[in-house]
Amino acid sequence: MALQAVKGMNDVLPDEVARWHRVEALAREVFGAHGYREIRPPLLEVTELFERSVGDTTDIVQKEMYTFENRSAERGDAKRLTLRPEGTAGVVRAYVEHKMWGQSDEHRFYYLGPMFRHERPQKGRFRQFHQVGCEALGMPGPGIDVEMLSMLQQFLTAAGVGGLYFQLNTLGCPTCRAAGLAALKAYFEPHRAALCADCQRRLDQNALRVLDCKVEADQALARGAPTVLSSVLACTQGCGDHYRAVRAGLDALKVPFQENPLLVRGLDYYTRTVFEACSSELGSQSAVTGGGRYDRLVEEFGGQPTPAIGFALGVERLLMLQKDVVSARGPELSVVVAEESARSSAMVLVQGLRARGTWCDLDHSGKSVKSQMRRADKAGSTWVLVLGGLEMQAGKATLKNLRGGASKDVALEIDHIQAVIRSATPGAPSANP
RNA sequence: GCGGGUGUAGCUCAGAUGGUAGAGCAGAGGAUUGUGACUCCUCGUGUCGCGGGUUCGAUUCCCGUCACUCGCCCCA
């Protein structure tokens with residue numbers, strides 16, 4: 001069998017790249033306007049980083065990471081490395097490693113690039129996928145939570161996402177969450193035998209997840225369960241106030257959201273505010289963006305206690321939501337060689353035009369003029385210059401406009417030709433012939 | 001890890017209740033000498049995913065296998 005790409009790892013072909021560029025440019029523009037600066041951590045980190053941040057009971061760590069031994073194991077210096085399954089851990093590690101808290105109170109970073117998770121691929125889910133993410137560190141108050149959702153709304157709207165809605169929840173701090181989880185477990189424990197196999201496991205590992213189960217009988221049970229949200233709202237550490245302030249802030253900025261007490265995120269490090277941006281047009285992988293607060297992670301990595309919040313956005317999923325077509329542009333000029341005697345002069349001309357930044361196409365096939373003309377048209381060229389013995393002798397030629405404009409006679413001088421091409425609006429009748 | 005679907009020309013697909021296959025698009029050449037688009041003419045290619053089985057004969061039936069795809073789990 002012929003060689004092919006690894007399962008779940010897709011080529012982004014040239015026709016699609018324009019759309020990627022557009023999303024990346026928009027991210028830089030919108031996030032940049034909010035004060036975020038790009039950071040580029042490595043794709044490879046020590047495995048322990050993810051085990052400690054994402055959480056070793058999560059699916060990601062338990063069965064989805066691309067992990068292998070570093071080659072230094074050959075020298076007895078064994079180290080397990082992992083291709084990053086998400087972006088936050090690396091950013092926080094870099095922040096701590098470079099002791100950036102000393103430089104100022106607040107930091108805002110964005111990153112973009114590939115992430116790796118060994119899952120069964122399906123629509124909107126790949127083993128190598130791409131995320132754009134933001135992390136805001138050093139801001140404890142609800143203001144940054146609100147600002148981040150507002151920024152996301154702006155970004156996603158500008159990116160052309162239809163059917164957009166936010167889901168919001170709070171997981172509280174370790175104290176009130178523990179109280180809520182304890183109540184939850186106490187509620188489910190008597191019914192343990194009635195739960196599905198998955199939920200019996202979840203009850204021990206992550207009781208919150210039982211609430212999110214899709215099995216009918218479990219859902220019925222879950223409806224009567226005490227919500228963690230109610231514990232959080234009663235929290236003595238201010239978790240409830242924080243959440244209420246976020247809601248009020250979102251209302252004030254007219255960022256539409258729906259509260260979802262069952263919203264759980266897959267990573268262990270989240271605290272307080274968690275959210276997802278979803279689209280009804282995505283099928284079963286409905287989330288385009290997920291994120292939340294992680295107030296304890298920096299400290300756990302050995303940094304100063306630093307509250308933080310962030311999100312990650314799936315680029316492939318975003319692209320699936322864009323229905324418009326980015327039309328490819330063609331060369332400004334195609335040079336047709338009508339007779340071989342003119343070829344070397346044509347190449348000199350093209351070389352000069354390209355050196356001045358003109359996108360210039362020269363046919364090397366030696367085929368008929370008709371054939372070269374066809375190719376120029378299909379390539380989307382605006383102008384065509386036919387060069388043969390006649391033109392060489394006369395020192396001038398006709399610039400033919402393929403897009404409905406007027407053709408022009410030009411001297412075979414690089415600057416002159418470029419000036420004519422650049423001055424005329426493609427497709428529009430020339431105002432000054 | 002568990003289910004479902006699909007695998008026929010570069011692409012999108014049709015097809016024979018078993019006798020080695022087609023249509024559109026794309027591509028190439030041409031319609032008087034060196035000028036695109038619209039139109040017209042001409043032309044090609046396929047180990048019918050792979051390996052077995054049944055059969056005189058299979059791409060069509062059976063079994064296996066691989067790949068892709070959708071869904072579950074979970075997530076961006």
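Order of the sequence lines sets the chain letters (A, B, ...), proteins ahead of strands, with each chain counted from 1.
At a threshold of 4.0 angstrom between heavy atoms, the contacts of K63(A) with the nucleic acid are absent. If you check every strand for non-hydrogen atoms under 4.0 Å, G389(A) touches a base. Within 4.0 Å (heavy atoms only), T398(A) reaches no atom of the nucleic acid at all. Counting non-hydrogen atoms under 4.0 angstrom, A312(A) reaches the backbone sugars and phosphates but no base. Using a 4.0 Å heavy-atom criterion, one finds that E391(A) contacts the bases of the nucleic acid, with or without backbone contacts as well. Nucleic acid contact for L390(A): base, since at least one base atom lies under 4.0 Å from a heavy atom of the residue. Counting any heavy atom pair closer than 4.0 Å across all strands shown, F311(A) reaches no nucleic acid atom.
For A26(B), the OP1/OP2 oxygens have no side-chain nitrogen or oxygen of K378(A) closer than 4.0 Å. For K370(A) and G30(B), the shortest distance from a side-chain N or O to OP1 or OP2 is not below 4.0 Å. Residue R374(A) has a polar side-chain atom (N or O) positioned under 4.0 Å from OP1 or OP2 of A37(B). At G29(B), one or more side-chain N or O atoms of S371(A) fall inside 4.0 Å of OP1 or OP2 (strictly under the cut-off). Contact check, Q122(A) against C72(B): a side-chain N or O comes under 4.0 Å of OP1 or OP2.
Distance check on atom C1': C66(B) versus C50(B) gives 7 Å, rounded to whole Å. Remark: the separation of the P atoms in A9(B) and U59(B) is 15 Å, to the nearest Å. To the nearest whole angstrom, the two C1' atoms, one in G18(B) and one in A26(B), are 33 Å apart.
Listed nucleotides: U69(B), A76(B), C68(B). Nearest to the side chain of E119(A): A76(B). In the set U35(B), C72(B), A76(B), U35(B) carries the atom at the smallest distance from any side-chain atom of V386(A). Comparing A76(B), U35(B), G3(B) by their closest approach to the side chain of F129(A) singles out A76(B). When each of C70(B), A76(B), G36(B) is scored by its nearest atom to the side-chain atoms of L267(A), the top-ranked nucleotide is A76(B).
With T88(A) as the fixed residue, the side chain to side chain donor-acceptor pair (under 3.5 Å) test singles out one of E135(A), R93(A), Q131(A): E135(A). Put simply, the residue from K370(A), R375(A), R374(A), R343(A) that forms a salt bridge (Lys or Arg N to Asp or Glu O under 4.0 Å) with D363(A) is R375(A).
Taking the six-membered ring for Trp and the full ring otherwise, Y294(A) and Y95(A) have centroids separated by 6.0 Å or more.
As a whole-Å value, the separation of R343(A) CZ from G34(B) C1' is 14 Å. Straight-line distance from the CG atom of N401(A) to the C1' atom of A37(B): 13 Å, rounded to whole Å.
If V384(A) and E276(A) are placed on RNA chain B by their nearest nucleotide, the residue sitting closer to the 5' end is V384(A). When each of R117(A) and G8(A) is assigned the nucleotide of RNA chain B bearing its nearest heavy atom, the one mapping closer to the 5' terminus is G8(A).
Under the ring-ring contact (aromatic ring centres under 6.0 Å, His included) criterion, no residue pair touches residues 35-65 of chain A, with sequence neighbours excluded.
Taking a 4.0 Å limit (strictly below) on heavy-atom distances, residues 330-340 of chain A reaches RNA chain B at A338(A), E339(A).
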Q.
Working note: T398(A) + S407(A), criterion side chain to side chain donor-acceptor pair (under 3.5 Å); need CA distance, chi angles, decisive distance, verdict.
A. CA-CA 7 Å; T398(A) 300; S407(A) 297; over 6 Å; no
Could you walk me through whether L318(A) and V132(A) pass the side-chain contact (heavy atoms from CB on, under 4.5 Å) check?
CA-CA 10 Å; L318(A) 177 63; V132(A) 177; over 6 Å; no
Would you sort out whether E332(A) and R422(A) count as a salt bridge (Lys or Arg N to Asp or Glu O under 4.0 Å), showing the intermediate values? CA-CA 9 Å; E332(A) 293 170 81; R422(A) 289 280 163 91; 3.0 Å; yes
Query raised in the report: Going through the distances and angles, do E48(A) and R80(A) end up as a salt bridge (Lys or Arg N to Asp or Glu O under 4.0 Å)?
Result: CA-CA 8 Å; E48(A) 188 190 354; R80(A) 284 157 65 235; over 6 Å; no
* Might you work through the side-chain contact (heavy atoms from CB on, under 4.5 Å) test for R177(A) and R272(A), ending with a clear yes or no? => CA-CA 9 Å; R177(A) 179 170 11 176; R272(A) 292 196 168 172; over 6 Å; no
Derivation of the side-chain contact (heavy atoms from CB on, under 4.5 Å) call for L250(A) and L168(A): CA-CA 11 Å; L250(A) 291 174; L168(A) 185 72; 3.9 Å; yes
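Closest heavy-atom contact between R127(A) and P121(A): NE-CD, 4.1 Å.
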The dot-bracket string of RNA chain B, counting Watson-Crick and G-U wobble pairs with both distances under 3.5 Å, using [ ] for crossing pairs and | for pairs to another strand, is (((((((..((((........)))).(((((.......))))).....(((((.......))))))))))))....
